[in-house]
Amino acid sequence: MTNKLTIYNSLSRKKEVFEPIHAPHVGLYVCGPTVYGDAHLGHARPAITFDVLFRTLSHLKYKVRYVRNITDVGHLEHDADEGEDKVAKRARLEQLEPMEVVQRNVNNYHREMEALNVLPPSIEPHASGHIIEQIELVKEILKNGYAYESQGSVYFDVAKYNKDYNYGKLSGRNIEDMLSTTRVLDGQQEKHNSADFALWKNAQPEHIMRWPSPWGNGFPGWHCECTAMGRKYLGSEFDIHGGGMDLLFPHHECEIAQAVASQGHDMVRYWMHNNMITINGTKMGKSLGNFILLKEFFDGSHKLLEKAYSPMTIRFFILQAHYRSTVDFSNEALQASEKGLQRLLEAYENLERLSTTTTSDKAKEVDAQVAAIKEKCYDALLDDLNTPIVIAHLFDGCKLINTLAAGKGEISDEGLAELKATFDLFMFDLLGLRQEHGQSNDSSNEREHAFGQVVDMLLEQRMQAKANKDWATSDKIRDNLQALGFEIKDSKEGSTWRLNK
RNA sequence: GGUACCUUGGCCGAGCGGCUAGGCACUGGUCUGCAAAACCAGGUACGGCGGUUCGAAUCCGCCAGGUACCUCCA
């Protein structure tokens, strides 16, 4: 592989060649979930997108420190200044400790990410565990004159900042219009300007989640955590910051402002944003109430789902679209993904059965095809993580394997090894797909194994019947197995089966 | 209202000025005792109207429709 990784930088709105600041080290920060509820399909997208990035960077021999935070404080509902803390609200409703809510949802999130084969990040810091760092950040911004204290809260002075720097450079909005139109409205409000955002919020004693600070008891503003924790673990300048497109404004814009206001220069080189998952053409979002939980996909319990979809189907479905495109949920699309993935995985299994030849022009041709597939997969992945193209080339490999398995064409030992290596690398290591084994605990594996042997036994009897041209018996066995959900595939070597869900 | 973005064959979804994307579904064929699976073949799609160009799904303009952000959201 000779090409370099290019990524689309939201800041420049262009694809750029990725050059780490301190090679071979790479700092990657991604906004993780606010843990006040279960993860839905929308959460899977950034997790999977940046998981592929993490895997790709690691494969390119970079030493990646991947930080994905847990927001467990400071994220308010509704209006950023009036709303209730999301976690605190949930705790109140369920009569739990806030940290009980946090722990439960973090546990669930981890379980679901594991099911999706999303690798754990290097560090997963909690906002609540970094109050001191956030207070320090606020102090620095105050000291530099880009914030003001007001009734126990501290607000970022957007107008002042915008005079010296450029507030809005990431989201591309012209903040001057906003500032001039809104200035008239307030005067006696806490904020000087409605565009200003909270760095620290005063909290009354009845508020459970509050910490002491130079400005009184309170809690940090939402945007502070990422700036403070990103800097703590990745340094005052690091490579990549990712997250969903909906966070671009205000969250990431504010992060930039906070970083620049505190340290005088940018903290992040490349900003990456994944697009949204839509449902009937509209964004899937908690506030819209049209979201489907990941666990509902896995067990098929949501009313919009025709059936359950496995975690790998979800992962494959997401990877079949480019991360910067919206992708629309539908049962039809999901089922298409399910079948496509199955086809790939079965082709991989067929690799085991291929025989090789040592010398043949035909084999050389096939070997060349294999090399081309590998090369194209690399090119696609390094081109801003174009996973749909990678998958398209894997399907080419899939066709090649099946053709060989059908006894047409030849492949050399080396070609076969290369083909397998290509699938191992791209399908499993980089795209992070995996074969799904029903249950992973041993006792059920034993049971499944025993059931499998029973099916094998039946198929053996069917082979006997076929050998005797006793079609009635052989068809009866096949039809009965099919009625139970088994798919039977015949070939010259014998029959194989698969249990369809 | 402001700012971005999107509109591709039955469905999903790549594409970034010329070369078959791919998957699912469908149709025909090969194989098979019959099926299934697999393989082969088949459909020349780019919202509309103009423009630039030897050449446009791809660039420009207008129009139509849609989405996102501007308030919490991955």
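Order of the sequence lines sets the chain letters (A, B, ...), proteins ahead of strands, with each chain counted from 1. Keep in mind the model is a prediction, meaning the values are calculated, not measured.
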Tell me which residues in residues 316-325 of chain A lie within less than 4.0 Å of RNA chain B, going by non-hydrogen atoms. A:Q320, A:A321, A:H322, A:S325
Would you indicate, yes or no, if B:C24 has its OP1 or OP2 atom less than 4.0 angstrom from a side-chain nitrogen or oxygen of A:R343? yes
Kindly compute the distance separating CG (A:L305) from CG (A:L334), expressed to the nearest 0.5 Å. 7.5 Å
What interatomic distance, in whole Å, is found between C1' of B:U7 and the corresponding atom of B:G47? 6 Å
List every contact pair, protein side and nucleotides 58-61 of chain B side both N or O, where the distance is under 3.5 Å.
none

N/O donor-acceptor pair, side chain A:D396 with base B:G22, under 3.5 angstrom: no
Counting the atoms with a prime plus P, OP1 and OP2 as sugar-phosphate, which does A:M284 contact under 4.0 Å by heavy atoms, base, sugar-phosphate, or nothing? base
How long is the span from the OG atom in A:S150 to the CH2 atom in A:W200, to the nearest 0.5 Å? 15.5 Å
How would you label the contact of A:K339 with the nucleic acid (heavy atoms, under 4.0 Å): base, sugar-phosphate, or nothing? sugar-phosphate
Let's test this: given Watson-Crick or G-U wobble pairing with both distances under 3.5 Å, identify the partner of B:C39. B:G29
For A:M276 and B:A74, what is the distance between atoms CE and C1' respectively, to the nearest whole Å? 5 Å
Suppose we define a pair by two distances each less than 3.5 Å, Watson-Crick or G-U wobble; what does B:G47 pair with here? B:C63
Atom CH2 of A:W497 and atom P of B:A37 are separated, to the nearest Å, by 18 Å
Ring centres within less than 5.5 Å and planes less than 30° apart: is that true of A:W471 and B:G33 in this structure? yes
On the 0 to 90° scale, with breaks at 30° and 60°, tag the A:Y29-A:H241 ring pair as parallel, tilted or perpendicular. tilted
Phosphate oxygens OP1/OP2 of B:A74: is one of them under 4.0 Å from a side-chain N or O of A:N274? no
RNA chain B: A:K466 or A:H393, which has the more 5' nearest nucleotide? A:H393
Quickly work out the A:I477 CD1 to B:A36 C1' distance and round it to whole Å. 16 Å
Check every strand shown and say whether A:A392 touches a base, only sugar-phosphate, or nothing at a heavy-atom separation below 4.0 Å. base
Regarding B:A14, can its base be found pairing with the side chain of A:N386 as donor and acceptor, where the two atoms are less than 3.5 Å apart? no
Find the distance A:L248:CG to B:C5:P and express it as a whole number of Å. 12 Å
Is any side-chain N or O of A:K489 closer than 4.0 Å to OP1 or OP2 of B:A35? no
Separation of B:A38 P from A:L404 CG (nearest whole Å): 16 Å
Would you kindly compare A:E487 and A:S330 by the position of their nearest RNA chain B nucleotide and give the one closer to the 5′ end? A:S330
Please state the C1' separation for the pair B:A57 and B:C16 - nearest whole angstrom. 11 Å
